[in-house]
Amino acid sequence: MGQRIQQLRKEKGLTQENLSLESDISRSHIAMIEAGKRDVTISSMFKISRALGVTLADVFSFDDLDKFKFDIEELYK
């Protein structure tokens, strides 16, 4: 998720500081989200998506969804 936020931020030409100011989320929190060191709440996701000018669907859109697929039955063997 953090990588996707970073990708969108860079595509928009924003720094972490710019995104922080637009989303009202601290720059350090954004940095930690992008680095995968902090979980992100849905309310923060909403603020970030609005600051980036994209929808939540855009944020959750990944090119490599296949790598996230798994067989639930395999987990219980």
Side-chain angles (χ1 to χ4, degrees):
M1 184 59 55
Q3 289 176 340
R4 179 66 176 152
I5 292 169
Q6 183 180 54
Q7 176 188 16
L8 290 168
R9 176 179 60 76
K10 287 181 176 183
E11 286 175 5
K12 300 291 182 175
L14 297 174
T15 64
Q16 288 178 344
E17 187 66 27
N18 298 138
L19 183 55
S20 170
L21 293 171
E22 292 294 322
S23 65
D24 198 32
I25 297 171
S26 74
R27 192 213 51 82
S28 61
H29 193 158
I30 289 171
M32 292 174 76
I33 290 169
E34 288 186 358
K37 295 180 180 180
R38 174 78 51 99
D39 290 333
V40 60
T41 64
I42 193 68
S43 65
S44 291
M45 288 300 303
F46 183 78
K47 289 178 182 180
I48 290 169
S49 71
R50 291 299 169 253
L52 292 170
V54 299
T55 66
L56 281 174
D58 293 329
V59 176
F60 285 99
S61 170
F62 300 104
D63 291 336
D64 54 356
L65 281 177
D66 287 335
K67 81 177 191 178
F68 297 105
K69 291 182 181 178
F70 61 92
D71 183 0
I72 193 73
E73 297 300 322
E74 288 294 318
L75 293 175
Y76 292 101
K77 286 186 180 179

Say you draw a straight line from [atom1] of [X] to [atom2] of [Y]; how long is it, rounded to the nearest 0.5 Å?
| X | Y | atom1 | atom2 | value |
| --- | --- | --- | --- | --- |
| S26 | M32 | OG | CE | 9.0 Å |
| I30 | I5 | CD1 | CD1 | 8.5 Å |
| L19 | E34 | CG | CD | 7.0 Å |
| R9 | S23 | CZ | OG | 11.0 Å |

* Set of side-chain contact (heavy atoms from CB on, under 4.5 Å) partners for T15, sequence neighbours left out ->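 Partners of T15 by the side-chain contact (heavy atoms from CB on, under 4.5 Å) criterion, ordered by chain and then number, come out as E17, N18.
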* Asked: Who are the side-chain contact (heavy atoms from CB on, under 4.5 Å) partners of S43, not counting sequence neighbours?
  ->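 Checked S43 against side-chain contact (heavy atoms from CB on, under 4.5 Å); matches are T41.
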* Under the side chain to side chain donor-acceptor pair (under 3.5 Å) rule, collect the residues that match up with R27, sequence neighbours excluded. =>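 By the side chain to side chain donor-acceptor pair (under 3.5 Å) rule, R27 matches Q16.
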Would you give me the side-chain donor-acceptor pairs under 3.5 Å for residues 45-53, sequence neighbours excluded?
| unit_1 | atom_1 | unit_2 | atom_2 | d |
| --- | --- | --- | --- | --- |
| S49 | OG | M45 | O | 3.4 |
| S49 | OG | F46 | O | 2.9 |
| R50 | NH1 | V54 | O | 3.2 |

* **4.5 Å side-chain heavy-atom contact, Q3 and Q7** =>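 In short, these two side chains do not touch, never coming nearer than 4.5 Å.
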* **Connected via hydrophobic side-chain network under 4.5 Å: L21 and V40** =>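 No: no chain of side-chain contacts under 4.5 Å links L21 to V40.
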* Shared ILVMFWY cluster between L8 and L14, side chains joined below 4.5 angstrom? ->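 Same cluster.
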* Mind running side-chain contact (heavy atoms from CB on, under 4.5 Å) on S61 and R4 for me, showing each step along the way? => CA-CA 8 Å; S61 170; R4 179 66 176 152; 4.2 Å; yes
